[in-house]
Colleague: 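Dropping a structure here in structure tokens format, bear with me for questions.
Residue numbers begin at 1 in each chain, while the letters A, B, ... track the order of the sequences.
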Number of protein chains: 2
Amino acid sequence: MQTQQLDRTFAALADPTRRAILMRLMEGDALLKDLAKPFEMSVPAVGKHLKVLEDAGLVSRRRDAQRRPCHLEAEPLKIAVDWLEEYRQFWEARYHQLDALLAEKNDE
Amino acid sequence: MQTQQLDRTFAALADPTRRAILMRLMEGDALLKDLAKPFEMSVPAVGKHLKVLEDAGLVSRRRDAQRRPCHLEAEPLKIAVDWLEEYRQFWEARYHQLDALLAEKNDE
DNA sequence: TTGTTTATAAACCAACTAGTTTAGTATTAT
DNA sequence: ATAATACTAAACTAGTTGGTTTATAAACAA
């Protein structure tokens, strides 16, 4: 099942540092040391966040000499959006109901 | 900022019990005791999950005698989707690039 | 008024999270 | 050979999470 995938994806997204890292990676691949720069925390700490993102499949890394560049992977985000889309129907239905109510009221 | 809102929303969604509760609430309002039934865990445990959902603004509760019916609130889910939608552009761009590459290859 | 239903509070526990520092490993550059 | 760069591992800590059980409160029903 993909429920564990959802667990890991949403948990990974539940932290502002990790969301900022993803933002940064949208601009292009990056090294840990550069990803760590904007944050007031140690390099190993950012390395741990990176591991959470890797475990969720949101980031992949390749080898380049002593470097390990990070690359954004979109697939798990798609799965998360798909899950949330189910709810869009719910709230859109609610707003349509509300629209209908207001229209009715205007007709009075 | 809404970054704390996103923190709480994604954290709330990162648990299968809580996602199941939200699913259930899409069908209509429900009491804690009924929400707890499908799970192999105590009522207070489900009550705690409910509190996480409440704190994230995903669930509201009203009073009805000794009962406290739960109601699904869609707004925070919209904020979460909005955040994720930024990424849709990213991955859609990637797939368009891929499409272009494949088309090019077919033309050879 | 006594009991039943529904929910919450409190105390506890094991496991996990997010950070630290210190030390170590690879790989490259001089 | 040595030193610098980029990363990882290990050990530790404080705080949080997700569950338990037991007890209590609040509202209603007999």
Colleague: Could you give the CG-to-C1' distance, from Leu32(B) to dT5(C), as a whole number of Å?
Modeller: 12 Å
Colleague: Is the shortest heavy-atom distance from the side chain of Phe10(A) to the side chain of Arg19(B) under 4.5 Å?
Modeller: yes
Colleague: Can you check the Lys33(A) NZ to dA4(D) P distance for me, whole Å?
Modeller: 16 Å
Colleague: In this structure, how many angstroms lie between the P atom of dT17(D) and the CG atom of Asp7(B), rounded?
Modeller: 11 Å
Colleague: Expressed in angstrom and rounded to an integer, what is the separation of Lys51(B) atom NZ from dA9(C) atom P?
Modeller: 9 Å
Colleague: Rounded to the nearest angstrom, tell me the gap between atom CZ in Phe10(A) and atom C1' in dT17(D).
Modeller: 19 Å
Colleague: May I ask you to test the Met41(A)-Val46(A) pair for a side-chain heavy-atom distance under 4.5 Å?
Modeller: yes
Colleague: Do you know which two heavy atoms are closest between Leu53(B) and Leu22(B), and how far apart they sit?
Modeller: CD2-CD2, 4.0 Å
Colleague: Just the rounded figure in Å: distance from P of dG18(D) to CG of Leu50(B).
Modeller: 14 Å
Colleague: So does Asp55(B) pair up with Lys51(B), basic N to acidic O under 4.0 Å?
Modeller: yes
Colleague: Determine yes or no for a side-chain-to-main-chain donor-acceptor pair under 3.5 angstrom, with Arg61(A) supplying the side chain and Cys70(A) the backbone.
Modeller: no
Colleague: Compute the angle between the rotation axes at the two ends of the helix from dT1(C)-dA30(D) to dT30(C)-dA1(D), each taken over five pairs, rounded to 10 degrees.
Modeller: 10°
Colleague: Taking only N and O in the side chain of Arg61(B), is any of them less than 4.0 Å away from OP1 or OP2 of dT8(C)?
Modeller: yes
Colleague: Would a distance-only check, ignoring hydrogens and angles, find a side-chain to backbone donor-acceptor pair under 3.5 Å from Arg18(B) to Ala11(B)?
Modeller: yes
Colleague: Compare every heavy atom of Phe39(A) with every heavy atom of Ile21(A), then report the nearest pair and how far apart it is.
Modeller: CG1-CE1, 4.1 Å
Colleague: Separation of Arg8(A) atom CZ from dC16(C) atom C1', in whole Å?
Modeller: 15 Å
Colleague: If the sugar-phosphate is the primed atoms plus P, OP1 and OP2 and the base is the rest, what is the B/S/- string for nucleotides 20-30 of chain C, using protein heavy atoms under 4.0 Å?
Modeller: BB-----BS--
Colleague: Could you state the CG-P distance from Leu31(B) to dA26(D), rounded to the nearest angstrom?
Modeller: 19 Å
Colleague: Using a strict cut-off of less than 4.0 Å between a Lys/Arg side-chain nitrogen and an Asp/Glu carboxylate oxygen, indicate whether Asp34(A) and Arg24(A) qualify as a salt bridge.
Modeller: no
Colleague: If you assign Arg68(B) and Thr17(A) each to the DNA chain C nucleotide with the nearest heavy atom, which residue ends up on the more 5' nucleotide?
Modeller: Arg68(B)
Colleague: Looking at residues at least two apart in the chain, or sitting in another chain, which of them share a salt bridge (charged side-chain N to carboxylate O under 4.0 Å, His left out) with Arg63(B)?
Modeller: none
